[in-house]
Amino acid sequence: ATGRRPVGMFRGNGARTLKVKTLALCLPLLVLVGCTNGDPGPIAQLPRVPARSQGVDLATDAGRVAPYIKSNGLDFVARYYRTPGSRWPALSANEARELSALGLNVVAVFESHSHRRDYFSYARGYWDALQAVQQAKAVGQPPGSAIYFAVDFDARGADIVPIDQYLRGLTNGLAAAGSGERASRR
């Protein structure tokens, strides 16, 4: 009877409560990568690192519910960078500002058709890396902060081969985006 609603109320909006410990379980394979940005100043604040974090993963703009997220004691919001044709909205600069202004950390995740094995290849990883860096710069994500890339299915055995190629493509795409080089075919 503290007047606070339970965090689980977001479930109806397609969101789920996460604990940092279980983030890896909710997004089966995440790759931590750095994002460089030569722009003078980030729009979003650098994250603070609490001893234990709890947050929410949202497929849609968190700006309108950000005060409620904060008032429920959550520390972060996981939001997505998307491919241009996605039906889901990508994290925007305005949304990142709203979340940061309330002291909420933003966990940036690039996700596309990552629920299908046939999506993963070297070329797709390279392209996704370029897209993610472009979106991170547009949002004002602080240089050197993380972008996670989702593999959203239970990969086993032979599934690892295309995922490995995807990760190699991500690595080279991020290197190319960071150095300003144009993408090349290999």
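Quick caveat: nothing in here was measured; it's all calculated off a predicted structure. Computed over heavy atoms, backbone and side chain alike; hydrogens, waters and symmetry mates excluded.
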Check: V77 and V106 side chains under 4.5 Å, non-hydrogen atoms
no

Would you give the length of the straight line joining atom CD1 of I147 to atom CD of Q141, rounded to the nearest 0.5 angstrom?
5.0 Å

Taking side chain to side chain contact (heavy atoms under 4.5 Å, CB included) as the definition, give me every residue that meets it alongside E98, ordered by chain and number, with sequence neighbours left out.
N94

Which residues satisfy the salt bridge (charged side-chain N to carboxylate O under 4.0 Å, His left out) test with R87, sequence neighbours excluded?
none

Contact check, side chains of V161 and D164, non-hydrogen atoms, under 4.5 Å
no

Looking at R79 and A59, would you say the former's side chain and the latter's main chain have a donor-acceptor pair under 3.5 Å?
yes

Do you know the tightest heavy-atom contact between P67 and R64?
CD-O, 4.3 Å

Take D57 and V109, measure what side chain to side chain contact (heavy atoms under 4.5 Å, CB included) needs, and give me the verdict at the end.
CA-CA 10 Å; D57 167 25; V109 180; over 6 Å; no

Rounding to 0.5 Å, atoms CG (L104) and CZ (F76) come to a distance of 10.5 Å

Hey, does the side chain of D75 reach the backbone of Q54 with a donor-acceptor pair shorter than 3.5 angstrom?
yes

Residue pairs passing the ring pair (Phe, Tyr, Trp, His ring centres under 6.0 Å) test where at least one lies in residues 89-108, sequence neighbours excluded:
none

Not counting sequence neighbours, which residues clear salt bridge (charged side-chain N to carboxylate O under 4.0 Å, His left out) with R124? List them please.
none

Residue pairs passing the salt bridge (Lys or Arg N to Asp or Glu O under 4.0 Å) test where at least one lies in residues 139-149, sequence neighbours excluded
none

Heavy-atom pair with the smallest gap, counting every atom of L170 and G125:
CD2-O, 3.3 Å

Minimum heavy-atom distance between D128 and F149, given as atom pair plus value:
O-CE2, 3.9 Å

Between Q135 and F110, is any pair of side-chain heavy atoms under 4.5 Å apart?
yes

For I69 and A62, which heavy atoms make the closest approach, and how far apart are they?
CD1-CB, 4.4 Å

With the 4.5 Å side-chain cut-off for hydrophobic clustering, are L174 and W127 part of the same group?
no

Separation between CH2 (W88) and CG (D61), nearest 0.5 Å, reads 13.0 Å

Could you grab the distance from atom CG of L102 to atom CG of L74, nearest 0.5 Å is fine?
12.0 Å

Taking all heavy atoms of A108 and all of A146, pick out the closest pair and write down the distance.
CB-O, 4.0 Å

Rounded at 0.5 Å granularity, tell me how far OH in Y122 sits from CG in N172.
3.5 Å

Closest approach of Y126 to A176 (non-hydrogen atoms, all atoms of both residues):
OH-CB, 3.2 Å

Show your working on side chain to side chain contact (heavy atoms under 4.5 Å, CB included) between V56 and N72 and close with a plain yes or no.
CA-CA 11 Å; V56 64; N72 275 281; over 6 Å; no

With sequence neighbours excluded, residues passing side chain to side chain contact (heavy atoms under 4.5 Å, CB included) with D159:
R117, F153, A155, R156

Value for CD1 (I160) from OH (Y166), rounded to nearest 0.5 Å, stands at 14.0 Å

